[in-house]
Amino acid sequence: MVDTQSQYQKIRHEVDTAIQEVIDSSAFINGKIVQAFAINLANYVNVKHVIPCANGTDALQVAMMALDLQPGDEVITPSFTYIATTEVVALLKLRPVFVEVDADTFCLDPAAIRRAITPKTKAIVPVHLYGHSAQMEQIMDIAREFNLYVIEDNAQAIGAEYIFSNGVIKKTGTIGTVGTTSFYPSKNLGAFGDGGAIFTNDDELAVKLKMIANHGQKKRYYHDMVGCNSRLDSIQAAILNEKLKHLDAYIEARRNAADFYDNAFSGCEQIQTPTRAAYCNHVFHQYTITLKNVSRDGLHQFLSEQGIPSMIYYPVPSHRQKMFEYLNTDELDMPVTDWLTGRVLSLPMHTELDEEQLSYISSKVLQFVNR
Ligand SMILES: Cc1ncc(COP(=O)(O)O)c(C=O)c1O
């Protein structure tokens, strides 16, 4: 699905040098490079504050802790997402309210958000799934109307852009109250281990986020609030700082691969290729097709027999997970989410795909679909 090894080989010298510098400095935790990376990333996404942390799940947790949400407060999230988004809500004793996604973009449906709002609703968590932005303009309008926080789960969409109706363009993760991201190795900006970050333009919130990620302290050994230990280590920061210089080129390579697949599958009625909404510059963390009148599981199996990996993201949506049975989720009717869950398939998508590979993959997909 990904080829991080070939990607590394192209920048091996820079990355190895950066790692060696950390080792030579012995500043493995909170070294200068962590702050340097945070500043470079803040400049890249154009946000006032970037708070690095240990992973994308912690980023969500720290963000929700900083907003002072209280047990029982309702948080609107998609069910069609990676489990981290919804698990963190439950971990903090908040109540996840699962809402449908748009069948074309796989992201939260603003009309469904509106229907789910109650007096207990405190926040919305749009997930920019697969690298495509949720409809942030509508979501921000709803948030303003009902006085809700917006926590953008940008784990899969770093570098993606949202284009507002007035022409203003903003990077995803910088539009809501707070944004979170993951540097899991296969992500568009991937570390060589775990990593994450939190984005905000709110100065006061930034102070709090930083404190919570560091045991609730501003001054060492003086703990003003309950926090946790969530740090991006210096070696990961050094690697990410090098890779950040190439992020735009990586995104372009992903878009080129997506263009190839789009062309190969155009005119094939059984394959719905990923939508690229006019309001969004997609970064293709995944290239996810939706199969119609053809067996998704059959294609998944056939590709595996041809030596082609493919993945089902995600085979079980949150509202069908055992972990959420206590919310009586079996009573929930989520036809779009269930429909997508049975039909989506993600094809290999990364920066190192060449035409020969793309051509082999797409021809095998078409061979199965057309037989
Ligand atoms: C949508 C989404 N949210 C949150 C996460 C959690 O990130 P991490 O694995 O770094 O904890 C991920 C990544 O795995 C993700 O894809």
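One-based numbering, in listed order, for ligands and for the atoms of each. The figures that follow rest on heavy atoms only: side chains count, while hydrogens, waters and symmetry mates do not.
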Could you pull out, from A157, C53, G56, the option with a heavy atom nearest to atom 8 (P) of ligand 1? G56
Atom indices of ligand 1 within 4.0 angstrom of [X] heavy atoms, with elements:
X    : result
V127 : 1 (C)
T57  : 6 (C), 7 (O), 8 (P), 11 (O)
A84  : 4 (C), 5 (C), 6 (C)
S182 : 7 (O), 8 (P), 10 (O)
N55  : 10 (O), 11 (O)

Can you run down the salt bridge (Lys or Arg N to Asp or Glu O under 4.0 Å) pairs that involve residues 358-371, sequence neighbours left out, and say none if there aren't any? none
Quick note, salt bridge (Lys or Arg N to Asp or Glu O under 4.0 Å) partners involving residues 315-327, not counting sequence neighbours, are R320-D338
Cut-off 3.5 Å, side chains only: do [X] and [Y] have a donor facing an acceptor?
X    : Y    : answer
T181 : N154 : no
Q135 : D109 : no
Q20  : D24  : yes

Keeping the roles fixed (side chain from E100, backbone from V336), state whether a donor-acceptor pair exists under 3.5 Å. yes
Structural part of [X] in contact with ligand 1, heavy atom criterion under 4.0 angstrom:
X    : result
T85  : side chain
D153 : side chain
T180 : neither

Looking at atom 15 (C) of ligand 1, what's its closest protein heavy atom, distance included? A155 CB, 3.5 Å
Around atom 12 (C) of ligand 1, find the nearest protein heavy atom and jot down its residue, atom name and distance. Y82 CD2, 3.5 Å
List the steps, then state whether side-chain contact (heavy atoms from CB on, under 4.5 Å) holds for L291 with I289. CA-CA 6 Å; L291 279 312; I289 54 175; 3.9 Å; yes
K187 to ligand 1, any heavy atom closer than 4.0 Å: yes
Is K219 positioned over the aromatic face of Y222, cation under 6.0 angstrom from the ring centre and no more than 45 degrees off axis? yes
Salt-bridge criterion met for K48 and D202 (N-O under 4.0 Å): no
Ignoring angles and geometry beyond distance, decide whether Q156 reaches within less than 3.5 Å of ligand 1 through its nitrogen or oxygen atoms. yes
Based purely on interatomic distance, does T81 place a nitrogen or oxygen under 3.5 Å from a nitrogen or oxygen of ligand 1? no
